[in-house]
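What follows is one structure encoded as structure tokens, with my remarks underneath.
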Number of protein chains: 2
Amino acid sequence: MPETGVDGRTSPTPLRVPEPTVERLSTYLQFLYSAAASGLTTISSAHVESATAVSAAQFRKDLSYFGEFGKPGVGYVISELQGRISRILQLHETQPVILIGLGNLGAALLSYPGLTEQRFEVVAAFDIDPKKCGRTVQGVPVYALSDLLTECARLNPRIAILAVPGLAAQQTFDLAYQTGIRAILNFAPAVLKVPAGVTVRNVSFTQELAVLSYHIKTDQLDS
Amino acid sequence: MPETGVDGRTSPTPLRVPEPTVERLSTYLQFLYSAAASGLTTISSAHVESATAVSAAQFRKDLSYFGEFGKPGVGYVISELQGRISRILQLHETQPVILIGLGNLGAALLSYPGLTEQRFEVVAAFDIDPKKCGRTVQGVPVYALSDLLTECARLNPRIAILAVPGLAAQQTFDLAYQTGIRAILNFAPAVLKVPAGVTVRNVSFTQELAVLSYHIKTDQLDS
DNA sequence: TAGATTGTTAATCGATTAACAATC
DNA sequence: TAGATTGTTAATCGATTAACAATC
């Protein structure tokens, strides 16, 4: 049921998009790059199914939340689909991102080439340790945490990568929120309390390993 | 409906456990550590709800897949619950893990203290670059990729962290599979094809950022 | 045209939530 | 005992899958 606006007309894309769908869009983009690299100009939902873990029906259903993308009997033009998915994910223009916490993990992220490839630009890094500040790492200027407000006023980022210790995570987020940050990639082992309108994605290596650990125990029994 | 074994008796825990439940077990464990650290000896499902993003009903339901853990009217004894969840996740004893790919990310993972804290021990690292091999990084011996079979025969790991380039991911997995690896924490931007009985968890920073990017675009509209 | 493949609707599946009898 | 809180069942919700008319 499409929502009806105040003017009585039905608006075009107001269906709530399931979170798993948004996650898969990124997978599709990755697949499209490799398909293009292998010389194809067109793909079908069946291609997607055979190259990814996503079914053809799921792929079509996911795209349907955003409009029509293909031609019956033909499939999808790769370059067009790339462009439209990029736009949906707001990846068609470079996104400024800040990094908070320049420990081992934070430093490794700065040298990760994938970020730039996907149009994310780390425009500033912050650390509480004064010894780390005032220089540049991988071309990214490092500031004291106390400069967060000033620098964010200038750079106006919406996304922050949080790579601080668990105990510092909440207070660091609270500070970042004041500067206008509304999305957090959280590497800290902590559950953040955030106001409505803020999106958090947690990355926990130990959680992932725990799930693997559970499965190697359990799955051996059946085989 | 509990499964019935060949002897006709019903076996105790044969209900399939939903994947989200397994993921949350790790969250509960993290919460229990901090609850214990704050001096508590007992918690209730209501405590869990107020400290995590998980509802009280969800918490009780999750635990119910594995038996009974609490006392009505009282709650759960923290130390006991920790022990039992640790055991379910096979985290009560140290798990050997190997790391394949010693680039920036791989090296950062080796210096990440969280792994040891959760009883994962990286027992060997492997890289295709001979210049990186034959030494020790963070106390972990680094071998040539060609030594994978030999070393794994000795160390007998089941879990591998895959931190290699996307194009090398599949062939590296295939090799690791031969050595007995049955669980993969995959950092490579690639969809792995794996035999039945193998568990893969994908970690993709750019995918996470893409999801955040989508939300900062979309969620601003409602507020 | 015949074959292929889309976008969408309806059916299925599975996970989350609510409610409550049991019990400490 | 009265109050609190569990474990479980039933109801709800939402996502995935299957099927197919539309169409290139």
Side-chain angles (χ1 to χ4, degrees), chain A residues 1-3 10 12-28 31-32 35 40-78 80-81 84-85 88 211 214, chain B residues 1-3 10 12-28 31-32 35 40-78 80-81 84-85 88 211 214:
Chain A
M1 171 185 44
E3 255 164 42
T10 54
T13 323
L15 292 158
R16 200 195 122 273
V17 179
E19 197 72 356
T21 293
V22 179
E23 293 170 12
R24 283 189 296 264
L25 289 182
S26 178
T27 306
Y28 302 152
F31 164 70
L32 290 170
L40 293 172
T41 56
T42 269
I43 53 112
S44 69
S45 58
H47 279 119
V48 175
E49 174 161 316
S50 64
T52 70
V54 182
S55 74
Q58 181 80 78
F59 175 73
R60 296 199 304 275
K61 177 75 171 167
D62 283 344
L63 293 185
S64 76
Y65 289 101
F66 305 99
E68 305 194 352
F69 294 73
K71 267 198 177 42
V74 179
Y76 304 83
V77 175
I78 290 179
E80 191 206 323
L81 190 54
R84 291 184 65 185
I85 295 180
I88 291 166
V211 174
Y214 172 82
Chain B
M1 169 187 43
E3 254 165 44
T10 54
T13 323
L15 293 158
R16 200 194 122 273
V17 179
E19 196 73 354
T21 293
V22 179
E23 293 170 12
R24 282 189 296 264
L25 289 182
S26 178
T27 306
Y28 301 151
F31 165 70
L32 290 170
L40 293 172
T41 56
T42 271
I43 53 111
S44 70
S45 58
H47 279 117
V48 174
E49 174 162 314
S50 64
T52 69
V54 182
S55 74
Q58 180 80 78
F59 175 73
R60 295 199 304 276
K61 178 75 172 168
D62 283 344
L63 292 184
S64 75
Y65 288 102
F66 305 99
E68 305 195 351
F69 294 73
K71 267 198 178 40
V74 179
Y76 304 83
V77 175
I78 291 179
E80 191 206 322
L81 191 53
R84 291 185 63 186
I85 295 178
I88 291 166
V211 173
Y214 171 82

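In what follows, every chain begins at residue 1, and chains take the letters A, B, ... in the order their sequences are listed.
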Whole angstroms only, please: what is the [atom1]-[atom2] distance between [X] and [N]?
X: F69(B); N: dT8(D); atom1: CZ; atom2: C1'; result: 15 Å
X: I43(A); N: dT6(C); atom1: CD1; atom2: C1'; result: 12 Å
X: F59(B); N: dT8(D); atom1: CZ; atom2: P; result: 14 Å
X: F66(A); N: dT6(C); atom1: CZ; atom2: P; result: 18 Å

Which atom of [X] lies closest to which atom of [Y], heavy atoms considered:
X: Y214(A); Y: I88(B); value: CD1-O, 3.5 Å
X: F31(A); Y: A51(A); value: CE1-CB, 3.3 Å
X: F66(A); Y: R84(A); value: O-NH2, 4.1 Å
X: S45(A); Y: F59(A); value: CB-CD2, 3.6 Å

Supply the atom-to-atom distance I78(A) CD1 to L40(A) CG, rounded to the nearest 0.5 angstrom.
-> 5.0 Å

Hey, could you give me the OG/CZ distance between S44(A) and R60(A), rounded to the nearest 0.5 Å?
->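 Between atom OG of S44(A) and atom CZ of R60(A) there are 9.0 Å.
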
With sequence neighbours excluded, tell me which residues meet side chain to side chain contact (heavy atoms under 4.5 Å, CB included) with V77(A).
->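 Residues passing side chain to side chain contact (heavy atoms under 4.5 Å, CB included) with V77(A): T42(A), S79(A), E80(A).
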
Just by modelled atom types, is the H47(A) backbone N or O under 3.5 Å from a matching donor or acceptor in the S50(A) side chain?
-> yes

At under 4.0 Å between heavy atoms, which parts of nucleotides 14-24 of chain D does protein reach? Answer with one letter per nucleotide, 5' to 3': B base, S sugar-phosphate only, - none.
-> -SBSBB---BB

Return one dot-bracket line describing DNA chain C 5' to 3' (Watson-Crick or G-U wobble pairs, both distances under 3.5 Å; ( ) same strand, [ ] crossing, | another strand, . none).
-> ..||||||||||||||||||||||

